[in-house]
Amino acid sequence: MFEQIGWNKPFSLFEQYVQEQQSGKRDSFVAKLDNERIGYVCVHWESEHPYFLKRKIPEIKDLNVLPLHRGFGFGKKLLQYAQMHIASRSKTIGIGVGLTADYGPAQRLYIQQGYIPNGEGATQNHQTLKYGDTITVDDDTVLWMTKEIT
């Protein structure tokens with residue numbers, strides 16, 4: 001489904017997701033509409049992000065909804081489903097979001113759902129950026145946020 005819109009998500013990536021799910025490292029959830037896959041979200045129980053890993057904060061990762069189906073609340077529903085899933089094992093949820101306008105809808109969604117920046121600032125490849133750093137902003141330039149579950 002991602003090939004059709006030009007996204008580089010090779011089949012091997014999803015094979016890795018299945019292996020990680022079988023080993024308990026990840027849980028993945030797929031959204032369907034009329035039996036058509038329109039998006040997915042993953043929960044990483046042991047985040048690769050050092051801040052989350054050190055604090056044992058599960059991370060919601062790879063929330064994706066195909067462009068044709070955006071703006072109808074599917075992303076919000078996937079996010080809420082992942083949050084409910086995490087709530088059985090953790091009181092804190094972590095999530096990262098890119099800094100460019102491409103991530104604008106996700107930034108707004110996460111803030112509307114109660115996520116707040118965790119205070120480490122933006123990172124590039126999981127390394128905290130410092131004043132004066134020169135970087136190329138890409139998908140690995142991220143603001144990390146957390147949410148406490150009540």
Side-chain angles (χ1 to χ4, degrees), residues 1-100 102-120 122-128 137-150:
M1 68 183 177
F2 291 104
E3 241 176 40
Q4 296 170 3
I5 59 170
W7 288 3
N8 184 21
K9 298 239 180 219
F11 188 73
S12 61
L13 175 69
F14 296 104
E15 289 177 319
Q16 176 187 337
Y17 286 5
V18 169
Q19 290 172 352
E20 289 176 357
Q21 184 151 332
Q22 290 170 342
S23 71
K25 293 180 181 179
R26 167 195 304 264
D27 286 325
S28 303
F29 307 100
V30 176
K32 290 183 176 183
L33 180 63
D34 298 328
N35 214 26
E36 176 189 355
R37 290 179 299 275
I38 62 168
Y40 71 96
V41 65
C42 298
V43 171
H44 282 240
W45 293 108
E46 291 184 11
S47 174
E48 296 171 356
H49 185 58
Y51 181 96
F52 295 162
L53 183 61
K54 180 179 179 182
R55 291 161 180 82
K56 299 182 179 174
I57 299 172
E59 178 186 347
I60 294 176
K61 193 169 182 176
D62 292 335
L63 174 59
N64 284 296
V65 175
L66 291 173
L68 180 65
H69 301 286
R70 292 181 185 161
F72 299 103
F74 296 116
K76 179 179 177 180
K77 289 292 185 190
L78 279 165
L79 181 63
Q80 290 172 338
Y81 192 84
Q83 290 172 163
M84 287 186 339
H85 186 67
I86 290 171
S88 66
R89 292 173 57 177
S90 177
K91 298 222 179 282
T92 306
I93 302 170
I95 200 163
V97 66
L99 300 183
T100 63
D102 296 345
Y103 290 96
Q107 295 163 359
R108 293 176 51 81
L109 173 63
Y110 301 159
I111 290 168
Q112 289 168 351
Q113 291 297 301
Y115 288 86
I116 59 170
N118 67 355
E120 68 180 315
T123 66
Q124 176 88 47
N125 296 313
H126 300 286
Q127 301 298 311
T128 301
V137 175
D138 59 17
D139 290 339
D140 294 317
T141 312
V142 175
L143 180 65
W144 299 94
M145 299 187 278
T146 58
K147 176 179 179 173
E148 298 300 317
I149 302 171
T150 55

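Separation of atoms CG (L79) and CD1 (I60) is listed at 5.0 Å; rounding is to 0.5 Å. The OG1 atom of T100 sits 9.0 Å away from atom CG of D138, with the distance rounded to the nearest 0.5 Å. Rounded to the nearest 0.5 Å, atoms CD (Q16) and NZ (K25) are 9.0 Å apart. Once rounded to the nearest 0.5 Å, the distance linking NZ of K91 with CD1 of I149 reads 8.0 Å. Once rounded to the nearest 0.5 Å, the distance linking CD1 of I86 with CD1 of I57 reads 10.5 Å. Summarising the geometry, atom CD belonging to E36 is positioned 4.0 Å from atom NE2 belonging to H69; distances are rounded to the nearest 0.5 Å.
Nearest heavy atom pair, residue L78 against residue N64, reads CD1-O, 4.2 Å. Here the shortest heavy-atom pairing between W45 and G24 reads CD1-O, 3.5 Å. For the residue pair V43 and A82, the shortest heavy atom distance occurs at CG2-CB, 3.9 Å. For the residue pair Q21 and S28, the shortest heavy atom distance occurs at OE1-N, 2.8 Å. In terms of heavy-atom proximity, V142 sits nearest to L99 at C-CD2, 4.3 Å. Scanning all heavy atoms of the two residues, the minimum distance from G98 to Q107 falls at O-NE2, 2.8 Å.
Ring orientation note: the planes of F14 and Y17 are nearly perpendicular, at an angle over 60° on the 30°/60° scale.
Shown here are the ring pair (Phe, Tyr, Trp, His ring centres under 6.0 Å) partners of F52, two or more places apart in sequence or in another chain: H49, W144. A search for side chain to side chain contact (heavy atoms under 4.5 Å, CB included) contacts involving S12 returns P10, E15, not counting sequence neighbours. Under the ring pair (Phe, Tyr, Trp, His ring centres under 6.0 Å) criterion, H44 pairs with no residue at all, not counting sequence neighbours. With sequence neighbours left out, the side chain to side chain donor-acceptor pair (under 3.5 Å) criterion links D139 to Y103. Taking the salt bridge (Lys or Arg N to Asp or Glu O under 4.0 Å) definition, one finds that K147 meets it with nothing, sequence neighbours left out. Residues meeting the ring pair (Phe, Tyr, Trp, His ring centres under 6.0 Å) test with Y51, sequence neighbours left out: none. Under the rule for a side chain to side chain contact (heavy atoms under 4.5 Å, CB included), the partners of V18 that lie at least two apart in sequence or sit in another chain are Q22. Here E148 pairs with T92 under the side chain to side chain donor-acceptor pair (under 3.5 Å) rule; sequence neighbours left out. Every residue two or more places apart in sequence or in another chain that forms a ring pair (Phe, Tyr, Trp, His ring centres under 6.0 Å) with Y81 is listed here: F29. Residues that satisfy the side chain to side chain contact (heavy atoms under 4.5 Å, CB included) test with K32, not counting sequence neighbours, are V30, N35, R37. E48 is linked by a salt bridge (Lys or Arg N to Asp or Glu O under 4.0 Å) to K61, counting only residues two or more places apart in sequence or in another chain. Listed by chain and residue number, nothing satisfies the side chain to side chain donor-acceptor pair (under 3.5 Å) test with Y110 (two or more places apart in sequence, or in another chain).
The backbone N or O of C42 lies less than 3.5 Å from no partner atom in the side chain of E59, so there is not a single donor-acceptor pair. S23 places a side-chain N or O within donor-acceptor distance of the main-chain N or O of E20, the cut-off being under 3.5 Å.
More than 12 non-hydrogen atoms from other residues, nucleotides or ligands lie less than 6.0 angstrom from CD of E120. The neighbour count for R108 CZ, taken as heavy atoms of other residues, nucleotides or ligands under 6.0 Å away, does not exceed 12.
Side-chain contact check for L33 versus F72: every heavy-atom pair is 4.5 Å or farther apart.
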* To do: Apply the test side-chain contact (heavy atoms from CB on, under 4.5 Å) to residues Q83 and Q113: give CA-CA distance (whole Å), side-chain angles for both, the deciding distance (0.1 Å), then the verdict.
  => CA-CA 10 Å; Q83 290 172 163; Q113 291 297 301; 4.3 Å; yes
